Chemist: 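Pasting a structure here, questions to come.
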Amino acid sequence: MKLLEINDLYADYVSNKGITGKKQTIHAINGLSLYVKKGEILSIAGESGCGKSSLAKLIMKLIEPKSGEIKFEDNNILNLKNKNDIKNFYKKIQMIFQNPYSSLNPKSTVGSILREPLEINTNYNSKEIDKIIEEKLAQVGLDKSVLKLYPHEFSGGQRQRIAIARALVSEPELIIADEPVSALDVSIQAQIINLIKSLKDNNNLTFLFISHDLSVIRYLSDRIAIMYLGEIVETGQTEEIFENPKHPYTKALLASVPKMSASESAETVSLCGELPSAEKLPKGCKFHTRCPYSMEICKKSSPFVCDFSSTHSCKCFLYDENCLNSLSQK
Ligand code: SF4
């Protein structure tokens, strides 16, 4: 069952350019489509600046898209205007942020931080709220002794556990985790990753996991979507992506991951140049300026989606039979 479905989403935002303060339009999301099934972890992978965090903000209704559709439990959330409907939506979808130092209010105790969403969004009485908070703290490996303490009294890993408990108290259907371990020490990262995995396995939770770290993504994910300049260029089951990557960009990303064995990912693709500015997107296939296989058609037209299995697909002319036939006839 599809819990979240995004179709042909476009979003721009305006920012000030450097010290001149000149306005520039950033094309953050450009025709993005994907879905997340209930009970799975779908990871979004891509370089910094590819639009991953903008996507999270769009799903959380923190920014408005230019066009497209975001359906959660079959309802287009872009049409939610009624206060109660929006409140209900925020109960079902929660977010864990990258930096646990800035995502928790330093002036509030852990108890207040965890009570707040329940007091705002539910009709539970105080005793019921206490019970839920205790239960969620236990799920993240903490106990009620933390409730009177302030965020600064905890380590980064403990703060991220508190942030996860805050996401859990509303009993959400979907949790968006935006680079949740990248600000943590390496030794702590594994603990938080294992916590997310056990929450998914034991509580049938659904995660949209955003990361640039492909090793973490491989360990954690059921499926992966590879993102480049605001669109998904390849999706597949985790092993389909790692064992049989198709898109040149996916191959280049995987080439940067340390290999587990010599047999893995035999073909290596190197990226040419840097990620183009999202202010002025390349025409045709957006990857053509960096792709070692780029052809004339890639500079003019956008590739369609090619399916390799019911779960594995990519957008690239190299797999488009019509394109290859026409090239071979020239
Ligand atoms: Fe490279 Fe062309 Fe495929 Fe784009 S469509 S990834 S430029 S070969």
Side-chain angles (χ1 to χ4, degrees), residues 6-12 26-35 42-52 54-55 68 210-212 214 217-218 221 223-257 264-330:
I6 300 175
N7 294 314
D8 212 19
L9 193 69
Y10 286 82
D12 294 344
I26 304 293
H27 305 290
I29 301 292
N30 303 295
L32 181 144
S33 299
L34 61 78
Y35 65 88
L42 173 76
S43 288
I44 311 277
E47 293 162 282
S48 298
C50 73
K52 302 188 296 292
S54 297
L55 174 63
I210 294 173
S211 179
H212 65 278
L214 284 162
I217 281 179
R218 182 172 200 174
S221 318
R223 287 191 309 120
I224 298 170
I226 306 289
M227 192 167 178
Y228 188 77
L229 284 178
E231 69 174 336
I232 302 301
V233 295
E234 182 163 2
T235 54
Q237 305 275 8
T238 300
E239 290 319 308
E240 286 174 326
I241 295 289
F242 276 88
E243 300 295 336
N244 191 18
K246 297 290 189 186
H247 197 281
Y249 181 58
T250 310
K251 291 178 184 177
L253 283 183
L254 295 188
S256 64
V257 181
E264 271 189 280
S265 199
E267 189 186 351
T268 301
V269 172
S270 302
L271 288 178
C272 319
E274 291 184 356
L275 188 70
S277 159
E279 190 186 2
K280 201 167 177 225
L281 295 173
K283 288 207 172 85
C285 170
K286 292 179 192 67
F287 188 57
H288 83 79
T289 55
R290 301 170 83 192
C291 179
Y293 306 107
S294 180
M295 304 168 277
E296 271 313 302
I297 190 172
C298 308
K299 296 174 190 164
K300 296 177 195 143
S301 310
S302 298
F304 296 109
V305 174
C306 298
D307 294 323
F308 307 105
S309 74
S310 60
T311 50
H312 190 189
S313 60
C314 97
K315 273 184 182 176
C316 175
F317 283 122
L318 291 174
Y319 307 99
D320 182 329
E321 276 181 23
N322 291 333
C323 162
L324 294 178
N325 286 342
S326 71
L327 284 175
S328 64
Q329 283 160 18
K330 281 182 185 171

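Reckoned from all heavy atoms, side chains included, excluding hydrogens, waters and symmetry mates. Counting starts at 1 for both ligands and their atoms, in listed order. No experiment lies behind these values; they were computed from the predicted model shown.
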Chemist: Testing the basics here: between H312 and E240, what is the closest heavy-atom pair and its distance to 0.1 Å?
Modeler: CB-OE1, 3.4 Å
Chemist: Considering only heavy atoms of C291, which atoms of ligand 1 have at least one such atom less than 4.0 Å away?
Modeler: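 Atoms satisfying the 4.0 Å criterion: 1 (Fe), 6 (S), 7 (S), 8 (S).
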Chemist: Can you tell me how far apart CG (L253) and SG (C50) are? Round to the nearest 0.5 Å.
Modeler: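 Going from the CG atom of L253 to the SG atom of C50 covers 8.5 Å.
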Chemist: Nearest protein heavy-atom contact for atom 5 (S) of ligand 1: which residue, which atom, what distance?
Modeler: F317 N, 3.3 Å
Chemist: Could you list the atoms of ligand 1 found under 4.0 angstrom from a heavy atom of H247?
Modeler: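 Close to H247: 6 (S).
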Chemist: Checking contacts here: is it the side chain or the backbone of C285 that comes within 4.0 Å of ligand 1, counting heavy atoms only? Could be both or neither.
Modeler: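 Contact part for C285 vs ligand 1: side chain (C-beta onward).
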Chemist: Does the separation of the ring centres of Y228 and H247 fall below 6.0 angstrom?
Modeler: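 Here the rings of H247 and Y228 have centres that are no less than 6.0 Å from each other.
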Chemist: Heavy-atom contacts under 4.0 Å between K315 and ligand 1: side chain, backbone, both, or neither?
Modeler: neither
Chemist: Do E47 and M227 have side chains that approach each other closer than 4.5 Å (heavy atoms only, starting at C-beta)?
Modeler: no
Chemist: State which residue, out of L32, D12, I29, fulfils the side chain to side chain contact (heavy atoms under 4.5 Å, CB included) condition with S54.
Modeler: I29
Chemist: Which atoms from ligand 1 have a heavy atom of C298 less than 4.0 Å away?
Modeler: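 Once the distances to C298 are compared, the set is 2 (Fe), 5 (S), 7 (S), 8 (S).
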Chemist: Give the minimum heavy-atom separation between F308 and C314, together with the two atoms involved.
Modeler: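 Shortest heavy-atom contact: CE1-N, 3.7 Å.
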Chemist: With the side chain counted from C-beta on, respond yes when D320 and P303 share a heavy-atom pair under 4.5 Å apart, and no when they do not.
Modeler: no
Chemist: Report, in ascending order of atom number, the atoms of ligand 1 lying under 4.0 Å from any heavy atom of P248.
Modeler: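 So the answer, numbered in order with elements, is 6 (S).
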Chemist: Give the atoms of ligand 1, by number and element, whose distance to some non-hydrogen atom of F287 is under 4.0 Å.
Modeler: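 Answer, ordered by atom number: 6 (S).
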Chemist: In terms of residue, atom name and distance, what is the protein heavy atom nearest to atom 3 (Fe) of ligand 1?
Modeler: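 Protein heavy atom at minimum distance: C316 SG, 2.3 Å.
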